[in-house]
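What follows is one structure encoded as structure tokens, with my remarks underneath.
Reminder, nothing fancy here: chain letters follow the sequence lines and each chain counts from 1. Only a predicted model underlies this, so the values are computations on that prediction, with no experimental measurement involved.
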Amino acid sequence: MNTVQGLWQGFQVAFSWEGIFFVFIGVTIGTLIGMLPGLGPITAIAIMIPMVYGMDPTIAMVLMAGVYYGAVFGGSTSSILLNAPGVSGTVATSFDGYPMAQQGEAGKALAIAAIASFTGGTVSIILLMLFAPTLAQIAVSFGPVEYFALMFMGLVAISSLSDGSAIKALISGVLGFMAVTIGIDAQTGTPRFTFGNANLLEGIDFLVVALGLFALAEVAFLIKNRNNVGIEKTQNIGSLKLTRQDVKEMTGPLLRHSPLGFILGVLPGAGATIASFISYITEKRFSKKPEEFGKGSIKGLTAPETSNNAATSGAFVPLLSLGIPGSGTTAIMLGALLVLGINPGPLLFQDHPEVFWGVVASMYIGNIFLLILNLPLIPYIAKILKIPRPLLISLIIMFCMIGVYSISFNIFDLYLLLAFGFVGYLFRLFAFPAPPFILAFILGGMMEQSLRQALTISNGNFMILVESPIAIGLFILSILSFAFPFIKNRKIQKA
Amino acid sequence: MKRIFALLLLIWVISSLAACKQETKSKSGEEKWVPEKAIEMVAPAGAGGGWDTTARTVAKVFSEEGIIDEDIGVVNKEGGGGAIAWTYIHNLKGSNHHMFVSSPPLIFVPLNGQTELTYEDFTPLANLIADYAAFAVRADAEWDNLNELFEDMKKDPESISIVGASAPGSMDHMQFVKIAKEAGVDVTKIKYVSNQEGAPLTDLLNGSVDVYSTGVAETVEQVKAGKIKVLGITSPERLEGDVLSTFPTALEQGIDATFVNWRGFFGPPNMDEDAIQYYEEKFKELSDSEAFAKIRNQYGWSEMFMGHEEYKKFLKEQTEELTELMEELGLAQ
């Protein structure tokens, strides 16, 4: 079956009343889940599995996929408005989205996020449709060595995530690294830095760190500065309309990060979170005005928002063409396929083309739904900012707590959340940047594990790191990205 | 006067109510214990894993087939490889309305020293299903059976790496160790790589590692597509199914060892005898139902029912066997 026939078949499923209905339900649930901090798509989809039992497999997958990409789409809202990322893939969105909202441009920030999400999602579906079987090869081309190189490339950029002192950024990064080593070490099974506390065995959840360092720290700061003027400005939603200049700013990142996010999404284990970070830092690295990043840069908002949605669609490549789940959420969908009587594997594409094409076709519709669902709602959603300060602050705290508690229903996580909130507050007080912490936390864990996996395989020989062409390429890119700002400075000086 | 009268009335009402309760209790002792409220079924891991799937499907069949009338709520309690949930259930001593689903990690995790609790601290109710391990290599690998692989491992254990999704000292590692040891491999030298974030299968397919230690079900589709081959599985006999029946067991290759990934349910300590009996019967009914047979089929699980007493005996044997193995590897704490 060729692409056209397949897609035709897929659209027939997706355009049936059932298809349209369930895409709509899926993306609506997804958006809502995404907007509430902490409630991730994993839980939602797991709860759905018994409900979709007995349903047509394609329709069930269409529904669950809708929840998945809908959540990443909607997750940007709370990142931008409240600095409280709804899902882990939208943490980087808050770096520039929240400052924009602070400057009275919440409406514009949300509109940019919606357009970036839509573009990233749609471009990536086109790529998925055209190249899925070929891309499956890329998905399995990354072993421990290649992952190490990829994470290395991300971490090299840590120093660039600070506005001022690079030393402070590095200290923040090292602390993030340290935090991620807490818990049972995967390569030896030994607990590290748990101090005999069973609650720490599983390590610290990413959301606890993100909500503490960003949302709670922000809340603490709002309380501290409650008497300052300028609140009127913050409460201003601003216009939704984008100027020609805005669109021009967005075009570059949209074109760059749709494919980049997609490829990173295709890699099992990388996913939307890592994609959004890597996009953000590369955009900043190669920007002509890196000093604008973190202060409400349109490029800084567009890059991660495009990338995380592109990565979400990309994650369907290994799932649907190889039967390999690349993330927690796709792993659950793999389980769901089994329940539905479909064996996910390399033959799914041949044996059940209707599932593959149905999901692809539904994603086109789903993305359009998301756009028309989100854009008109922006003025209403942004009104959150008009809620009186004391009430809004209590609401943010409450949502953070519910979100964190719902990760594993463990009170201990709430204490951790408070602790990270306090750390975040100290960071702000002494002008330490928080993004390097979270970046090191996210990339560091995987980087350490891949390095040690690689060294186990090579019996401790470090040469294994430079035996892979992909890894060598990534190392060269890391060096270039490190050197780029210096070269650029010299050029400017010469001129 | 009025007040004293009211007090007396109150005492009379309370005592008669208490007597009433007493009566029903002794009555139910003669007849049969039935749940008095909703049952809480704990999956000691996050949503979507093996424990969660088992709990959710079991709860569903219990309700839909009308085997248990009371509501059954599935609760996820993630953390510590199960230890958080075990502590939670352990604190509910004597409750007849709580249980959790478990499998071999209930033996591994205590041996690794991550919790003080062992299966003996709980009430084994019934085992339901069994899963078996499969050892797979790339389709173009030089080995065609377990003996060829183990011969090479005996010569040079450091040249071959094994990947699995669990930590060293847990399932994917130990199931391989158990079979390899029986074949005469120096198991202290086995190179085990744990890949918990991405997919271990990827590492096998791209050639980073040589052998993938996993569950039988995970290999079927890849074998069908000709990407990998299964050198051996750990079941006592060949399994049923198109592809499954082509997988040779370790036993038939002359390696006298099996490994079963059992899955069953446990209650808190000091559960009432009547309640244990009740659940044992209900799990038996579930295991024999057509609806559950269908689910077993879908997930590739084998039937393995054991009641309370039999299960206890089985767990004791398993623990002894695995303790010995972990001590040899220096992993037991």
If you look at every heavy atom in [X] and [Y], which pair is closest and at what distance?
X	Y	result
G143(A)	S208(B)	CA-OG, 3.5 Å
K191(B)	N459(A)	CD-OD1, 3.0 Å
K224(B)	L347(A)	CB-CD1, 3.6 Å
T202(B)	P268(A)	OG1-CG, 4.0 Å

So, taking the atom named [atom1] in [X] and the one named [atom2] in [Y], what distance separates them when rounded to the nearest 0.5 Å?
X	Y	atom1	atom2	result
I457(A)	I160(B)	CD1	CD1	13.0 Å
I324(A)	E221(B)	CD1	CD	12.5 Å
Y147(A)	N195(B)	OH	CG	8.5 Å
I84(B)	L201(A)	CD1	CG	7.0 Å
S161(B)	Q453(A)	OG	CD	10.5 Å

**OP:** Heavy atoms only, distances under 4.5 angstrom: which of G203(A), G323(A), P144(A), G445(A) has the most pairs with chain B? Name it, please.
**Re:**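 Highest number of pairs under 4.5 Å: P144(A).
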Original post:
Looking at S468(A), G183(A), G345(A), P346(A), which makes the most heavy-atom pairs under 4.5 Å with chain B?
Top reply: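 Among the listed options, the one with the most contacts to chain B is P346(A).
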Over 12 non-hydrogen atoms of neighbours within 6.0 angstrom of [atom1] in [X]:
X	atom1	result
K294(B)	NZ	no
K227(B)	NZ	no
E65(B)	CD	yes
Y88(B)	OH	yes
D140(B)	CG	yes

Show me the side-chain donor-acceptor pairs of residues 192-200 of chain A shorter than 3.5 Å, one per line, residues at least two apart or across chains.
residue: R192(A); atom: NE; partner: T181(A); partner atom: O; Å: 3.4
residue: R192(A); atom: NH1; partner: E448(A); partner atom: OE2; Å: 2.9
residue: R192(A); atom: NH2; partner: E448(A); partner atom: OE1; Å: 3.0
residue: R192(A); atom: NH2; partner: E448(A); partner atom: OE2; Å: 3.3
residue: N197(A); atom: OD1; partner: N199(A); partner atom: N; Å: 2.9
residue: N197(A); atom: OD1; partner: N199(A); partner atom: ND2; Å: 3.1
residue: N199(A); atom: OD1; partner: N410(A); partner atom: ND2; Å: 3.0

Original post:
When you measure from the side chain of Q187(A) to the backbone N and O of V193(B), does any donor-acceptor pair fall under 3.5 Å?
Top reply: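 Answer holds: no.
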Original post:
What part of I295(B) lies closer than 4.5 angstrom to a heavy atom of chain A: side chain, backbone, both or neither?
Top reply: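 For I295(B), the side chain is the part near chain A, not the backbone.
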**OP:** Select one option (side chain, backbone, both, neither) describing which atoms of Y192(B) are under 4.5 Å from chain A's heavy atoms.
**Re:**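 Contact with chain A is through the backbone of Y192(B) alone.
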Original post:
Any side-chain heavy atom of V220(B) sitting closer than 4.5 Å to one from N343(A)?
Top reply: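 Contact flag for V220(B)/N343(A) side chains = no.
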Please look at [X] and chain B and tell me whether the side chain, the backbone, both or neither of the residue comes under 4.5 angstrom of a heavy atom of that chain.
X	value
F142(A)	backbone
A336(A)	neither
P344(A)	backbone
T188(A)	backbone

Subject >> chain A interface, residue from A167(B), S159(B), S194(B), G300(B) that has the most non-hydrogen pairs under 4.5 Å >> reply: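 When all of A167(B), S159(B), S194(B), G300(B) are compared, S194(B) has the most.
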Original post:
Based on non-hydrogen pairs under 4.5 Å, which of H173(B), K77(B), Q222(B) is most in contact with chain A?
Top reply: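 With the most close heavy-atom pairs to chain A, the winner is Q222(B).
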Original post:
By ring pair (Phe, Tyr, Trp, His ring centres under 6.0 Å), which residues pair with F356(A), not counting sequence neighbours?
Top reply: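 Applying ring pair (Phe, Tyr, Trp, His ring centres under 6.0 Å) to F356(A) gives F349(A).
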